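Inspection log for the structure reproduced underneath, given as C-alpha cells.
Worth saying up front: this structure is predicted, and the values here are computed from it rather than measured. In each ligand, atom 1 is the first atom listed, and ligand 1 is the first ligand listed.
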Amino acid sequence: MSVLSVEQVTKIYGSKVKIRAVDHLSLSVEKGEFIAVMGASGSGKSTLLNLISGILPLTSGEIRIDGKDISRLNEEEAARLRRDKLGFVFQDYNLVDTLTLGENIMLPLMFQKKDPDTMRREAHIYAKKLGIDTVFDSRTYEVSGGQAQRAAIARAIIHHPSLLLADEPTGNLDSASAQQVMRIFAALNTEEQVSSLVVTHDPRTASFCGRVVFIRDGKVFHELYREDNQLHFYDEILSVLKFLGGA
Ligand SMILES: Nc1ncnc2c1ncn2[C@@H]1O[C@H](COP(=O)(O)OP(=O)(O)OP(=O)(O)O)[C@@H](O)[C@H]1O
Ligand SMILES: [Mg+2]
C-alpha cells in the first residue's frame, strides 16, 4: 500500500473567474521515498501540498493517505489524520515564538498526552540528531534560521508521521544551512524511512532526493529518478529546468 496516492486530482479556485491550479494530477509515494516537487511559480505545487494535507477541499479526484480516502473524513477525523499521520515544514519555520525550541519540538507529543519527562527525553533525542541540542532552551529569536528550521523538522517528525510535507524548507536559508538541512532530510530518510515530499525551486536541494516530480500548469510534466551520484542527478535536474524555462 502506498503512503500517499493522488488520483486524477483537480483543484479549481474561484467561482466567477476560475483558476485550474491542479489538473487531473496523479502521483503516488511509496514507503521511504524522498521526493522533490519542482515547477515554475504558480504551477500548483503549494496547492497540491494543501490538498494532500486536507486544508483545501478537492474539486475532483481522490487522495489516500495510508489507504484512507481523506475527502471522506469529517472535520474531526481529518484533523486527527493531519496530526497523527502528517508532518509539516514551512519556509518560514512556523515556530511558536513564546516557546523555547525544545518546547516547540515537543508540541506534537502534547496531543498524544505523553508525560512531561518522556516528552522532554524524546525531544532531546531529536534535537541531538539534528545538532540543535545546545540551543534546546533558547527562544526562537535567539537562534539562526538554520537552527530554527532544524527545530521545525524535529517537530515535524517527532511523532513518526507516515508522510513529511515540506514547502520550500530551504527557501529562507543561506546555501550552507540549506545543504545542512537537506542532509538531515536525507539522513532521516535513510535511517528512519521517513517518506517525504519536498517542494523546492532549488536544483541543489532537489538533488538530495531520490525522485524529482516536475509540475507544469497543475499537471505532472516529467519525473526523474536518481540513479547514481548526486552531481550527475543535479545536472539532469538542471536540463529539465532549462527545458521548462524555470532555471
Ligand atoms: N487561494 C487562492 N485563490 C485563488 N487562486 C489561488 C489561490 N492560491 C493559489 N492560487 C492560484 O493557483 C495557481 C497555483 O498556485 P500555487 O500557490 O499552488 O503555485 P506554486 O507552484 O506553489 O507557486 P510558488 O512557486 O510561487 O509558490 C496560481 O495561478 C495561483 O495564483
Ligand atoms: Mg508555493
Side-chain angles (χ1 to χ4, degrees), residues 4-29 33-63 65 70-71 75 78-79 82 86-95 145 148-149 152-153 156 163-175 177-179 181-182 185 195-209 211-224 234 237-247:
L4 169 70
S5 132
V6 175
E7 280 286 336
Q8 293 289 316
V9 163
T10 295
K11 175 65 188 181
I12 298 172
Y13 286 113
S15 46
K16 271 201 198 127
V17 181
K18 294 191 187 341
I19 296 166
R20 193 178 281 265
V22 171
D23 188 10
H24 294 93
L25 187 146
S26 298
L27 171 71
S28 69
V29 178
E33 270 201 288
F34 184 23
I35 301 176
V37 177
M38 301 192 85
S41 183
S43 58
K45 306 178 297 294
S46 296
T47 301
L48 175 64
L49 249 58
N50 291 334
L51 292 169
I52 295 168
S53 66
I55 294 165
L56 272 181
L58 310 179
T59 302
S60 63
E62 191 179 276
I63 295 181
I65 294 170
I70 61 164
S71 53
E75 197 101 334
R82 266 200 294 281
L86 301 176
F88 302 95
V89 179
F90 305 91
Q91 180 167 353
D92 51 4
Y93 328 129
N94 274 23
L95 295 173
Q149 191 59 302
I153 294 170
L163 181 65
L164 179 61
L165 299 170
D167 200 348
E168 295 280 353
T170 61
N172 279 340
L173 302 177
D174 61 80
S175 77
S177 307
Q179 292 224 24
V181 159
M182 286 315 289
F185 271 115
S195 315
S196 337
L197 208 53
V198 179
V199 169
T200 181
H201 277 113
D202 175 23
R204 181 95 43 202
T205 296
S207 71
F208 282 87
C209 300
R211 169 157 59 125
V212 182
V213 176
F214 296 89
I215 297 195
R216 185 164 74 174
D217 301 333
K219 297 186 183 73
V220 173
F221 166 78
H222 192 61
E223 289 188 84
L224 279 180
Y234 173 73
I237 294 166
L238 273 189
S239 318
V240 178
L241 288 181
K242 273 193 195 123
F243 190 79
L244 271 171

Heavy-atom count check: over 12 atoms from other residues, nucleotides or ligands less than 6.0 Å from Asp217 CG?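 No - once you tally the heavy atoms of other residues, nucleotides and ligands closer than 6.0 Å, there are 12 at most.
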
Sub-4.0 Å atoms of ligand 1 with respect to non-hydrogen atoms of His201: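 Under 4.0 Å from His201, ligand 1 has these atoms: 25 (O).
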
Below 4.0 angstrom from a heavy atom of Thr47, which ligand 1 atoms are there? Numbered from 1 as shown, please.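 In order of numbering, the contacting atoms are 14 (C), 15 (O), 16 (P), 18 (O).
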
Flag, side chain of Gln149 to backbone of Thr170, donor-acceptor distance under 3.5 Å: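 Not a single qualifying donor-acceptor pair exists.
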
Return the closest protein heavy atom for [atom] as residue, atom name and distance.
| atom | value |
| --- | --- |
| atom 21 (O) of ligand 1 | Lys45 NZ, 2.8 Å |
| atom 3 (N) of ligand 1 | Tyr13 CD2, 3.5 Å |
| atom 27 (O) of ligand 1 | Ser46 OG, 4.0 Å |
| atom 26 (O) of ligand 1 | Ser41 OG, 2.5 Å |
| atom 31 (O) of ligand 1 | Ile19 CD1, 4.8 Å |

Side chain, backbone, both or neither: which applies to Glu168 and ligand 1 if a contact is any heavy-atom pair less than 4.0 Å apart?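 Near ligand 1, Glu168 shows nothing, with every heavy atom at 4.0 Å or more.
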
The Mg ion (ligand 2) reached by Ser46 (N, O or S, under 2.8 Å):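 It does: Ser46 brings an N, O or S atom closer than 2.8 Å to the Mg ion (ligand 2).
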
Within-cutoff protein neighbour (heavy atom, under 4.0 Å) for atom 9 (C) of ligand 1: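 It does: a protein heavy atom is found less than 4.0 Å away from atom 9 (C) of ligand 1.
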
Under-4.0 Å protein heavy-atom contact, atom 12 (O) of ligand 1: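 Given the 4.0 Å limit, the answer for atom 12 (O) of ligand 1 is yes, a protein heavy atom qualifies.
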
If you measure from each heavy atom of [X] to ligand 1, is any distance below 4.0 Å?
| X | answer |
| --- | --- |
| Gly39 | no |
| Gly14 | no |
| Ala40 | yes |

Which atom of [X] lies closest to which atom of [Y], heavy atoms considered:
| X | Y | value |
| --- | --- | --- |
| Thr59 | Ile12 | OG1-N, 2.8 Å |
| Pro169 | Val89 | CB-CG1, 3.9 Å |
| Phe185 | Ala166 | CZ-CB, 4.2 Å |

Counting both backbone and side chain atoms, is some N or O of Gly42 under 3.5 Å from an N or O of ligand 1?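 Yes, since at least one N or O of Gly42 sits under 3.5 Å from an N or O of ligand 1.
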
Going by distance only, is there an N or O of Ala21 that falls short of 3.5 Å from an N or O of ligand 1?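 Ala21 vs ligand 1: no N/O contact under 3.5 Å.
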
Anything under 3.5 Å between a donor and an acceptor, one on a side chain of residues 36-54, the other on a protein residue two or more places apart or in another chain? List them.
| residue | atom | partner | partner atom | Å |
| --- | --- | --- | --- | --- |
| Ser43 | OG | Ala40 | O | 2.7 |
| Lys45 | NZ | Gly39 | O | 2.9 |
| Lys45 | NZ | Ala40 | O | 3.0 |
| Ser46 | OG | Asp167 | OD2 | 2.6 |
| Thr47 | OG1 | Tyr13 | OH | 2.9 |
| Asn50 | ND2 | Ser46 | O | 3.3 |
| Ser53 | OG | Leu49 | O | 3.3 |
| Ser53 | OG | Asn50 | O | 3.2 |

Side chains of Phe214 and Phe243 in contact at under 4.5 Å (non-hydrogen atoms):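 When only atoms from C-beta onward are counted, Phe243 and Phe214 do not touch, as no gap falls below 4.5 Å.
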
With the side chain counted from C-beta on, respond yes when Pro57 and Lys11 share a heavy-atom pair under 4.5 Å apart, and no when they do not.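 Sidechains of Lys11 and Pro57: in contact.
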
Taking Ile215 as the fixed residue, which of Leu25, Val199, Leu244 is the one that meets the side chain to side chain contact (heavy atoms under 4.5 Å, CB included) rule?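 Of all the options given, the one that passes is Leu25.
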
Leu164 CG to Ser195 OG distance, which is reported to the nearest 0.5 Å: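 Answer rounded to 0.5 Å: 9.0 Å.
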
